[in-house]
Amino acid sequence: MPTEDTLPVWLVDDDPDVRESLSQWLDVSDLAVRTFDAAAPALEALRDDAPCGVLVSDVKMPGMDGLALLDTVQALEAPPPVVLMTGHGDVPMAVAAMQAGCWDFVEKPFAPERLEECVRRALQQRRLALENDRLRRALREGDLAGRLLGQAPAMVALRQQLATLAPVRANVLVQGETGSGKEVVARCLHDFGPGAEAPFVALNCGALAPELIESELFGHEKGAFTGANARRIGRLEHASGGTLFLDEVESLPLSAQVKLLRALQEGEITPLGSNAVRPVELRVVAAAKADLQAMAREGRFREDLYYRLAITELQLPPLRERREDIAVLFSHFCRQAAAVHERDVPEASPALLQALEQQDWPGNLRQMRNAATRFVLGLEIPGLEDGEVAELGSLNAQVAAFECSLLRAALGRHGGNIQAVMEELELPRRTLNQKMLKHGLRREAFLDLADPESAGPSAP
């Protein structure tokens with residue numbers, strides 16, 4: 001990531017004496033400087049994607065003045081912060097400049113320290129903006145798709161949400177069934193976020209005895225309680241700067257919920273047995289299998305903590321709602337298992353894949369990983385009888401499975417737009433409705449969340 005010192009400051013002023021004096025001051029302050037005697041060459045360099053941290057420009061210049069330069073720069077795709085300086089400014093001009101997107105307005109004469117302070121703040125904002133753009137670009141280019149496999153509409157929407165949320169250090173509540181990939185999502189938020197170099201710390205709240213939860217979260221001093229033979233850093237302090245993943249957060253005792261809420265609100269903790277306050281700054285990704293809002297209404301989970309954790313929420317689809325991804329996922333887990341156990345990757349027959357697609361998968365991805373490992377090792381897959389696989393291999397079953405896969409693919413491509421599916425598959429509406437009912441397909445599962453109006457007329 002570029003730092004404030006490596007991003008150059010662009011100085012645009014038609015007065016050579018001003019350019020020289022200000023560039024010398026900024027250079028002495030260990031800031032890189034690039035000077036221009038007019039707006040036009042600066043704009044040309046920006047359009048050529050030359051690196052620019054902040055653009056400092058005089059307002060009164062021949063040809064294009066500073067206000068016109070500001071308007072043009074703001075129209076660029078990723079404009080740098082613009083600081084305007086003038087000896088002829090007045091309040092209306094300053095207000096107009098700020099409304100047009102000016103980062104700051106400096107009136108001459110000014111102390112060089114004033115400009116340096118303004119430039120450093122603008123450079124910090126520019127650095128963060130460029131890093132966020134880099135993270136979003138990496139996500140768009142497929143890094144995220146390599147971790148969260150599948151082209152089911154719900155998975156495409158989930159990846160889009162993660163691409164938006166990862167660069168933002170906001171707390172996230174992830175909800176989904178057991179084995180649906182909640183920790184994988186939490187790690188994606190961390191690894192593609194601004195604190196990726198800091199620790200990712202996971203804690204399963206449901207796996208600890210209630211009396212140990214507070215010590216795990218906040219740490220303790222030596223002698224704080226019986227058995228505390230040494231000082232221990234808590235999970236919040238360990239994760240400071242990075243991400244704390246709280247799995248099964250619904251299992252937290254109410255007493256620990258109160259202390260966790262205070263720690264997140266105040267940005268500080270006090271270890272057990274200590275009076276010392278320690279600052280913490282982190283993103284919390286909480287995962288829950290239960291409905292936390294319902295628990296809050298019943299008094300089993302603090303409502304104020306729920307709102308602190310659920311700045312935004314992600315809902316993970318169970319595997320049975322993304323059956324079109326099952327074959328790809330099974331193949332992926334088979335390759336992983338074969339590499340771990342040093343085995344060849346066996347080929348899954350169409351009958352086996354069809355049988356897998358018809359399972360309920362209550363354990364979701366965790367259950368599928370287990371099934372793939374057993375398949376690679378030549379063991380029977382629990383819940384999948386040989387007779388069932390043979391039956392699914394009949395001609396009628398294969399035709400039905402192929403028909404279902406075609407319908408799923410078309411519905412996914414068109415985001416649930418029934419009219420578009422009818423036209424692509426050349427099916428009358430009544431026939432399409434009957435086939436969707438036969439295969440348990442509902443239009444709502446394929447709606448394009450980015451464009452709800454494109455879903456077309458209703459259907460089963």
Would you please test L305 and V258 for side-chain contact (heavy atoms from CB on, under 4.5 Å) and show each step?
CA-CA 8 Å; L305 178 58; V258 174; over 6 Å; no
Residues 281-291 side chain polar contacts: donor-acceptor under 3.5 Å, at least two apart:
from, atom 1, to, atom 2, distance (Å)
R283, NH1, V168, O, 2.8
R283, NH1, A170, O, 3.3
R283, NH2, A166, O, 2.7
R283, NH2, V168, O, 3.2
R283, NH2, L189, O, 3.4
D291, OD1, Q293, N, 3.0
D291, OD1, A294, N, 3.2

Using the ring-ring contact (aromatic ring centres under 6.0 Å, His included) rule, collect all pairs that involve residues 328-364, keeping only residues at least two apart or in two chains.
F330-F375
Least distance between heavy atoms, V249 atom then F301 atom:
O-CE1, 3.5 Å
Between E221 and R278, is there a salt bridge with N-O shorter than 4.0 Å?
yes
How long is the straight-line distance from CE of M155 back to CZ of R322, given to the nearest 0.5 Å?
4.0 Å
P199: partners by side chain to side chain contact (heavy atoms under 4.5 Å, CB included), with sequence neighbours left out:
V201, H238
Over 12 non-hydrogen atoms of neighbours within 6.0 angstrom of CZ in R114
yes
Looking at D48, I'd like to know if its CG atom is crowded, meaning that more than 12 non-hydrogen atoms belonging to other residues, nucleotides or ligands lie closer than 6.0 Å.
yes
I'd like to know whether CD of E303 has more than 12 heavy-atom contacts from other residues, nucleotides or ligands below 6.0 angstrom.
no
Minimum side-chain heavy-atom gap C188-R147 below 4.5 Å
yes
Rounded to the nearest 0.5 Å, the CG atom of L11 sits from the OG atom of S23 at a distance of 6.5 Å
When every non-hydrogen atom of G176 is compared with those of K182, the smallest separation belongs to O-NZ, 3.2 Å
Ignoring hydrogens and geometry, is there a side-chain-to-backbone donor-acceptor pair from D325 to A152 under 3.5 Å?
yes
Test your reading of the model: is there a side-chain donor-acceptor pair from S331 to the backbone of V328, 3.5 Å cut-off?
no
Using only atom types and a distance under 3.5 Å, with no angle test, would you say the side chain of D27 pairs donor to acceptor with the backbone of V33?
no
Can you confirm whether R121 sits close enough to D104 that some side-chain heavy atom of one is under 4.5 Å from a side-chain heavy atom of the other?
yes
Is any side-chain heavy atom of R308 less than 4.5 Å from a side-chain heavy atom of N171?
yes
Does Q315 have more than 12 heavy atoms from other residues, nucleotides or ligands lying within 6.0 Å of its CD?
yes
Atom pair CG (L7) and CG (L31), whose distance is rounded to the nearest 0.5 Å:
10.5 Å
Does any N or O in the side chain of S240 come within less than 3.5 Å of the main-chain N or O of E237, such that one atom is a donor and the other an acceptor?
no
Under a 4.5 Å cut-off applied to non-hydrogen side-chain atoms, are L162 and L148 in contact?
yes
A198 backbone acceptor or donor facing H190 side chain under 3.5 Å:
yes
Residue pair V376 / C334: nearest heavy atoms and the distance that separates them
CG2-O, 3.5 Å
Indicate yes or no for a side-chain donor-acceptor contact from S274 to the backbone of A276 under 3.5 Å, with no hydrogens or angles considered.
yes
Can you tell me how far CZ of R127 sits from CG of L123, rounded to the nearest 0.5 angstrom?
10.0 Å
Charged N to carboxylate O under 4.0 angstrom, E216 versus R232?
yes
Taking it one step at a time, do V56 and V82 satisfy side-chain contact (heavy atoms from CB on, under 4.5 Å)?
CA-CA 6 Å; V56 181; V82 176; over 6 Å; no
Got L365 and S180 here, is their nearest side-chain heavy-atom distance under 4.5 Å?
no
Do Q24 and P112 make a side-chain contact, defined as non-hydrogen atoms from C-beta onward lying under 4.5 Å apart?
no
Under the salt bridge (charged side-chain N to carboxylate O under 4.0 Å, His left out) definition, can you give me all pairs with a residue in residues 331-355, not counting sequence neighbours?
none
Output for pair (F200 CZ, F245 CZ), nearest 0.5 Å, gives 6.0 Å
If only atom types and distance count, is the side chain of R374 paired as donor or acceptor with the main-chain N or O of E380 below 3.5 Å?
yes
With sequence neighbours excluded, residues passing side chain to side chain donor-acceptor pair (under 3.5 Å) with R302:
D304
Within a strict 4.5 Å, meaning less than it, do heavy atoms of the L260 and L246 side chains meet?
yes
Distance col, row W103:CH2 vs C118:SG, nearest 0.5 angstrom, shows 8.0 Å
Note: R235 and A202 closest approach over all heavy atoms is NH1-O, 2.7 Å
For the side chain of R320 and the backbone of P362, is there at least one donor-acceptor N/O pair under 3.5 Å apart?
no
Carefully, step by step, assess I311 and V172 under the rule side-chain contact (heavy atoms from CB on, under 4.5 Å).
CA-CA 6 Å; I311 301 299; V172 179; over 6 Å; no
Set out, in order, the CA-CA distance, both residues' side-chain angles and the distance that settles side-chain contact (heavy atoms from CB on, under 4.5 Å) for I326 and L319, then state yes or no.
CA-CA 8 Å; I326 285 177; L319 196 51; 4.1 Å; yes
Donor-acceptor pair, R323 side chain versus Q359 backbone, under 3.5 Å?
yes
Closest heavy-atom pair and its distance - V12, A39:
CG1-N, 3.9 Å
Only counting residues at least two apart or in another chain, list the ones meeting side chain to side chain contact (heavy atoms under 4.5 Å, CB included) with A154.
P317
Nearest heavy-atom pair of Q74 and P80: which atoms, and what distance?
OE1-O, 4.4 Å
Is there a donor-acceptor pair under 3.5 Å between the side chain of R126 and the backbone N or O of C52?
yes
Is there a side-chain contact between V59 and M85 (heavy atoms, below 4.5 Å)?
no
For the pair E113 and R120, find out whether any cationic side-chain nitrogen is under 4.0 Å from an anionic carboxylate oxygen.
no
